[in-house]
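Working notes for the structure below.
Every chain is numbered from 1 and lettered A, B, ... according to where its sequence line falls, protein lines coming before strand lines. Because only heavy atoms are used, hydrogens play no part in the values below, and waters and symmetry mates are left out as well, while side chains stay in.
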There are 2 protein chains.
Amino acid sequence: MAHIKTSDSKTASLRVYEQVRNQISVGAHKVGDRLTEGALAEQFGVSRTPVREALQRLASEGFVEVLPHAGALVKGWSQGDVREVFDIRAHLESMAAGLAARRATAEDVAVLQSYCDTMKQLSQMPTRDVPKISEQNRAFHAEILRIAGNRRMADIALNLMDLGFLVRSFTKFDQGNILRSSSDHQNLVEAIRHGDERWAEAIMRSHILAAASIFTGTAEDDAQARMALRPVGTTPPK
Amino acid sequence: MAHIKTSDSKTASLRVYEQVRNQISVGAHKVGDRLTEGALAEQFGVSRTPVREALQRLASEGFVEVLPHAGALVKGWSQGDVREVFDIRAHLESMAAGLAARRATAEDVAVLQSYCDTMKQLSQMPTRDVPKISEQNRAFHAEILRIAGNRRMADIALNLMDLGFLVRSFTKFDQGNILRSSSDHQNLVEAIRHGDERWAEAIMRSHILAAASIFTGTAEDDAQARMALRPVGTTPPK
DNA sequence: ACTTGACTAATTGTATACGATCAATAGGTT
DNA sequence: AACCTATTGATCGTATACAATTAGTCAAGT
């Protein structure tokens with residue numbers, strides 16, 4: 001049996017990559033699960049080759065860790081990992097906010113304002129649609145990175161941001177946190193509108209470090225994450 | 001013709017990756033060259049599969065760009081690209097230097113000092129062994145990143161540093177630049193030895209921005225690089 | 001001269017097969 | 001029991017074959 005014709009024009013590698021990535025981020029694969037090439041190939045109805053490529057990409061982006069002959073492990077996050085990622089983001093994105101403040105055009109500011117407004121609306125609705133808020137949040141940050149004009153930096157920062165979704169503790173974002181975050185965004189728009197680099201940098205820094213403290217302060221639910229995690233820092237390539 | 005048994009224990013993918021990477025960095029493949037999977041496979045006596053993996057890794061690291069059906073292009077560098085990379089490095093590595101100043105043990109400082117001494121010796125020899133100096137330089141920076149204790153950041157920064165070898169304008173490092181660089185390193189060791197975060201950060205920042213100006217200031221040799229250049233209005237050093 | 005369109009050769013994308021390698025397990029020895 | 005060693009089964013690393021896609025070419029039409 002050969003071809004169930006997939007009207008999907010993308011390559012199989014990409015489809016598998018996106019699917020697995022999504023499965024991980026919604027928790028379908030828990031931390032420490034072993035993803036073997038054969039199993040995934042069967043699940044998606046493709047051969048091992050595209051699965052391999054997908055896993056390698058996921059590994060290079062930090063979502064999984066491939067062990068030589070033991071399957072790919074879904075990576076867990078220690079508090080140290082969270083701290084690492086948010087530290088880097090705090091530096092890179094505050095730099096980006098500063099650049100954005102210097103470079104933003106009127107249209108850029110308008111776009112930012114619109115993202116900000118949408119998020120404000122969402123955050124005030126009684127039922128918090130956390131995934132949607134999260135999406136708007138990502139778009140807002142991505143837009144600032146775009147305006148900053150350093151493509152490489154944007155790629156790095158966005159990847160780090162997406163990695164954060166591995167820690168799917170959306171519940172940690174209570175109403176108060178969301179409102180504060182939304183307010184931070186509005187301040188960022190103002191700082192950028194006025195071209196105030198220092199202010200923009202400072203807001204972004206505190207904005208991200210605040211998010212970091214939410215995670216590191218209350219990281220309780222993944223006991224399994226910590227268990228599955230080998231004492232960090234030691235990737236043992238022989 | 002099947003297997004020439006290579007006593008090399010590494011995987012073929014890795015060997016191909018390293019070889020191609022090296023070939024690019026020493027200029028055996030010029031900017032814009034098309035590397036096809038088949039040709040590389042034949043050249044290295046392996047099948048296309050490991051070549052594919054090597055190329056994908058090289059692409060994810062920015063050394064080449066894979067075009068869907070036209071082979072992998074060896075990437076060139078515009079002045080904008082150089083500016084981007086050094087901007088990011090300036091932020092990440094100054095952050096690392098600050099962390100290192102806070103965390104370094106006596107042994108750490110000793111190691112740094114030894115790298116620094118070696119480099120000082122090399123830089124004072126009449127015949128500049130630029131590759132060796134470059135290697136020591138990399139080791140020095142890598143050590144600071146290691147001491148900083150943020151492995152992710154170290155990975156990112158090292159990759160950016162290695163990317164710099166694509167711009168193989170070693171000749172641009174004249175005696176003066178090398179001596180200044182060596183002196184920067186000694187100052188960095190002092191700052192870290194005294195646990196002076198701010199000082200370490202500042203030195204690293206200026207150290208890297210100085211290197212950036214060497215590249216951007218005299219990037220003349222790639223005509224196509226200039227063509228790809230956009231009047232990117234980023235950070236005019238005042 | 002310039003565009004258009006079909007054709008061809010080259011290249012990648014994917015499937016499959018097989019051997020190599022390693023983790024896990026069982027069994028024997030001290 | 002604790003330790004070592006041989007076996008085994010699962011999993012990967014690589015080679016090879018084939019299908020799908022597209023870049024490049026060239027001739028015909030405007």
Any Ser47(B) side-chain N or O less than 4.0 Å from OP1/OP2 of dT14(D): no
Taken to the nearest whole Å, CG/Leu40(B) to C1'/dT14(D) is 16 Å
Shortest side-chain distance from Pro50(B), nucleotide among dT14(D), dT14(C), dT12(C): dT14(D)
Nearest whole angstrom, please: distance from the P of dA15(C) to the CZ of Phe44(A). 13 Å
What's the closest nucleotide to the side chain of Arg52(A) if the choices are dT14(D), dT12(C), dT16(C)? dT14(D)
Taking atom types as modelled and ignoring hydrogens, do the side chains of Asp117(B) and Gln113(B) form a donor-acceptor contact shorter than 3.5 angstrom? yes
Whole-Å gap separating P (dG13(C)) and OH (Tyr17(A)): 17 Å
Atom CG of Leu35(B) and atom P of dA10(C) are separated, to the nearest Å, by 18 Å
The answer to which of Val46(A) and Arg34(A) contacts DNA chain C further toward the 5' end, by nearest nucleotide, is Val46(A)
Among residues 61-75 of chain B, which residues get a heavy atom nearer than 4.0 Å to DNA chain C? Pro68(B), His69(B), Gly71(B)
Phosphate OP1/OP2 of dT14(D): any Ser13(B) side-chain N/O under 4.0 Å: yes
Judged by modelled atom types alone, do Ser78(B) and Asp81(B) share a side-chain donor-acceptor pair under 3.5 Å? yes
Would you sort out whether Arg146(B) and Glu143(B) count as a salt bridge (charged side-chain N to carboxylate O under 4.0 Å, His left out), showing the intermediate values? CA-CA 5 Å; Arg146(B) 189 194 62 74; Glu143(B) 179 66 12; 2.8 Å; yes
Other residues, nucleotides, ligands: >12 heavy atoms within 6.0 Å of Glu42(B) CD: no
Using the side-chain hydrogen bond (donor to acceptor under 3.5 Å, both in side chains) rule, take Asp108(A) and Thr105(A) through it: C-alpha gap first, then chi angles, then the decisive distance, then the call. CA-CA 5 Å; Asp108(A) 291 336; Thr105(A) 67; 3.2 Å; yes
When we call it a touch if two heavy atoms are under 4.0 Å apart, what does Thr36(B) touch: a base, just sugar-phosphate, or nothing? sugar-phosphate
Nearest whole angstrom, please: distance from the C1' of dG13(C) to the CZ of Arg57(A). 16 Å
Nearest-Å distance for atom pair CG/C1', residues Leu14(B) and dG13(D): 12 Å
Starting from P on dG13(D), measure out to CZ on Arg15(B) and report it in whole angstrom. 14 Å
Walk me through whether Asp155(A) and Arg151(A) qualify under salt bridge (charged side-chain N to carboxylate O under 4.0 Å, His left out). CA-CA 6 Å; Asp155(A) 289 344; Arg151(A) 174 72 65 103; 5.5 Å; no
Relative to the ring of His141(A), is the ring of His185(A) parallel (under 30°), tilted (30 to 60°) or perpendicular (over 60°)? perpendicular
Please tell me which of the listed nucleotides, dG13(D), dT14(D), dT14(C), lies nearest to the side chain of Glu37(A)? dG13(D)
Between dA10(C) (C1') and Arg48(B) (CZ): distance, integer Å: 11 Å
